[in-house]
Structures are given as structure tokens and as C-alpha cells.
Amino acid sequence: MESKVPSQLPVDGLKKWSGYTLDDLRYQRAVNHVKMEVERERLATSVHQIINRQQSGFGGGIMKKMFTGFSVIDYALLAFQATKQIRKIYRVFKK
């Protein structure tokens with residue numbers, strides 16, 4: 001929608017400008033309403049994402065990924081490797 005206000009005012013100022021019609025005002029109001037709704041949805045989505053991140057937490061997200069991504073064999077290998085490392089550390093401190 002083009003603005004009815006001229007870019008350069010005539011010599012007699014705004015006397016020749018007749019103003020906005022009711023249709024123009026209704027159109028601008030509808031456009032602003034749509035913009036507000038879009039912004040409200042964008043804010044609601046970002047707030048929802050922030051709440052989800054806070055609920056899952058940093059450690060919870062890693063643990064969830066770890067538990068869903070490994071099979072039983074992977075857990076067995078991890079336990080074996082962890083046991084080997086713990087034994088080495090224990091032997092160093094035992095001496």
C-alpha cells in the first residue's frame with residue numbers, strides 16, 4: 001500500500017492531502033494485526049524452546065542421547081574399558 005502523504009509537500013502544505021479513507025485505515029489495522037500475531041507466535045515458539053532446554057538440562061540431554069544411541073554390546077565394552085582404567089588408577093595409588 002502506497003502512502004498517500006506526498007514525499008515533497010506542496011507549497012500550501014498538507015491542504016491538498018485529503019487523508020486516509022476508512023478502507024485504508026482498516027487495511028493498515030489488519031496488516032498490523034497480522035504482524036502482531038506472527039510476532040506473538042515467534043515469541044511463543046522461542047519461549048517454548050527455552051523451557052524445553054531448561055527442563056532437559058545439559059546432563060540430561062547427553063544422558064538421553066547416550067542411552068538411546070548405544071546397544072547392549074556397546075555398554076559392555078564401555079564397562080570393560082572403564083574397569084580397566086579404574087584398575088590402573090587404583091594400582092597407582094595403592095603403591
Side-chain angles (χ1 to χ4, degrees):
M1 177 175 169
E2 294 182 25
S3 176
K4 289 194 174 194
V5 179
S7 60
Q8 292 184 348
L9 294 176
V11 178
D12 59 350
L14 289 177
K15 290 183 182 177
K16 291 185 180 180
W17 184 62
S18 62
Y20 293 112
T21 63
L22 284 178
D23 288 335
D24 292 337
L25 293 174
R26 286 182 185 132
Y27 180 77
Q28 286 180 354
R29 185 175 179 198
V31 167
N32 285 334
H33 183 71
V34 168
K35 286 180 183 179
M36 287 183 348
E37 287 295 321
V38 168
E39 192 65 23
R40 188 175 292 133
E41 287 294 321
R42 187 184 66 80
L43 287 173
T45 303
S46 64
V47 167
H48 183 66
Q49 289 174 350
I50 290 170
I51 289 171
N52 284 344
R53 272 190 243 139
Q54 288 176 350
Q55 286 177 349
S56 67
F58 181 71
I62 291 174
M63 295 302 285
K64 183 178 178 182
K65 288 180 183 177
M66 188 173 88
F67 287 128
T68 57
F70 292 152
S71 67
V72 176
I73 295 171
D74 294 327
Y75 289 121
L77 290 173
L78 282 173
F80 179 71
Q81 294 293 327
T83 305
K84 282 177 46 177
Q85 293 298 323
I86 291 171
R87 278 187 184 169
K88 287 180 185 177
I89 292 171
Y90 180 73
R91 287 181 186 159
V92 168
F93 285 115
K94 189 177 178 183
K95 292 182 180 181

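- Under the salt bridge (charged side-chain N to carboxylate O under 4.0 Å, His left out) criterion, Arg42 pairs with Glu39, sequence neighbours left out.
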Exercise for review: Please assess Leu25 against Gln28 for the test side chain to side chain contact (heavy atoms under 4.5 Å, CB included), listing each intermediate value before the final yes or no.
Suggested key: CA-CA 5 Å; Leu25 293 174; Gln28 286 180 354; 4.3 Å; yes
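- By the neighbour-count criterion of 12 heavy atoms within 6.0 Å, atom CD1 of Ile73 is sparsely surrounded, having that number or fewer from other residues, nucleotides or ligands.
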Exercise for review: Kindly indicate, with the supporting measurements, whether the criterion side chain to side chain contact (heavy atoms under 4.5 Å, CB included) is fulfilled by Asp23 and Arg26.
Suggested key: CA-CA 5 Å; Asp23 288 335; Arg26 286 182 185 132; 3.7 Å; yes
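- Note: Lys84 NZ to Gln81 CD = 5.0 Å, rounded to the nearest 0.5 Å.
- The salt bridge (charged side-chain N to carboxylate O under 4.0 Å, His left out) search around Glu37 returns Arg40, not counting sequence neighbours.
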